[in-house]
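Heads up: the structure comes next, in structure tokens.
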Amino acid sequence: MKFREKIYKTAAKIPRGKVTTYKALAHAINSKAYRAVGTAMNKNPHWPKVSCHRVINSDGRVGGFAEQFRGREKSSKSVTRAKLGVSGVKKKIALLRKECVEVINGKIDLKRFRYKL
DNA sequence: GCTTTGACTCTCG
DNA sequence: TCGAGAGCCAAAG
């Protein structure tokens with residue numbers, strides 16, 4: 001099975017109202033490819049079967065979401081951090097809130113909503 | 001097949 | 001405590 005398939009399969013197990021992190025997801029499939037997890041989610045071909053909006057950053061931030069705007073401007077590593085909280089992120093937050101996940105200022109309380117894989 | 005890029009994370013100043 | 005830089009692995013060009 002390919003890495004991506006494993007990721008999708010694992011992500012699909014996340015129940016409604018819970019979230020997990022890219023780190024945890026990568027760890028769950030015995031990999032350290034945190035970034036690859038994000039890449040796989042970005043190209044997610046199984047929406048909405050695989051709810052990629054339930055996958056967030058390790059610090060509780062929502063991170064990014066490829067709704068329609070993708071790869072705008074030059075995105076180097078440092079720029080990526082600066083533009084957190086734009087574009088499709090709002091949509092992602094809305095989806096999470098619909099599942100009763102508390103999102104405060106683009107952040108989620110991992111202590112309460114993290115799903116143990 | 002090598003280089004670049006990315007919805008990330010960790011470490012150091 | 002916070003910002004910048006380096007490192008990580010896969011996928012796409």
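Just so we're on the same page: letters track the sequence lines, and every chain starts at 1.
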_Is there a side-chain contact between A/H27 and A/K32 in this structure, where contact means two heavy atoms from C-beta onward sitting under 4.5 Å apart?_
no

*asked:* Give me the atom names and distance for the closest heavy-atom approach of A/K92 to A/G64.
replied: NZ-O, 3.1 Å

*Does the salt bridge (charged side-chain N to carboxylate O under 4.0 Å, His left out) test come out yes or no for A/R54 and A/E99, once each step is laid out?*
CA-CA 10 Å; A/R54 294 186 192 137; A/E99 301 185 350; 2.8 Å; yes

_From CZ of A/R61 over to C1' of B/dT9, roughly how many Å is that when rounded to an integer?_
13 Å

_Whole-Å gap separating C1' (C/dC9) and NZ (A/K32)_ = 9 Å

*Please state how far atom OH in A/Y34 lies from atom C1' in B/dC10, giving the value in whole angstrom units.*
8 Å

*Quick check: does any side chain N or O of A/R114 sit under 3.5 Å from a backbone N or O of A/K18, one acting as donor and the other as acceptor?*
no

_Rounded distance (Å) that lies between atom P of B/dA7 and atom NZ of A/K43_ = 8 Å

*Sorted by number, the residues of residues 2-24 of chain A with heavy-atom contact under 4.0 Å to DNA chain C*: A/F3, A/R4

*A/D59 side chain vs A/R61 backbone, donor-acceptor pair below 3.5 Å*: yes

*Quick one: A/I29 CD1 to C/dC9 P, roughly how many Å, whole number?*
12 Å

_Runs of at least three consecutive pairs that involve DNA chain C, where pairs are Watson-Crick or G-U with distances under 3.5 Å_ = B:2-6 with C:9-13, B:8-13 with C:2-7

_Separation of atom NE2 in A/H27 from atom C1' in B/dC8, rounded to whole Å_ = 16 Å

*Linking directly or through intermediates, with side-chain heavy atoms under 4.5 Å: list the remaining ILVMFWY members grouped with A/I14, chain and number order.*
A/I7, A/Y22, A/L25, A/I29, A/V37, A/M41, A/V55, A/Y115, A/L117

_Contact nearer the 5' end of DNA chain B, comparing A/I56 with A/A36_ = A/A36

*Heavy-atom side-chain proximity of A/I104 to A/D109 below 4.5 angstrom*: no

_Separation of C/dC8 P from A/N57 CG (nearest whole Å)_ = 20 Å

_Just to be sure I understand the rule, does A/S58 reach a base, reach only the sugar-phosphate, or reach nothing, if contact means heavy atoms closer than 4.0 Å?_
sugar-phosphate

*Any side-chain heavy atom of A/K91 sitting closer than 4.5 Å to one from A/H53?*
no

_From the set C/dC9, B/dA7, B/dT9, return the single nucleotide nearest to any side-chain atom of A/F65._
B/dA7

_Heavy-atom check, side chain of A/K43 versus side chain of A/R4, under 4.5 Å_ = yes

*asked:* In whole Å, I'd like the distance from the NZ atom of A/K90 to the C1' atom of B/dA7.
replied: 18 Å

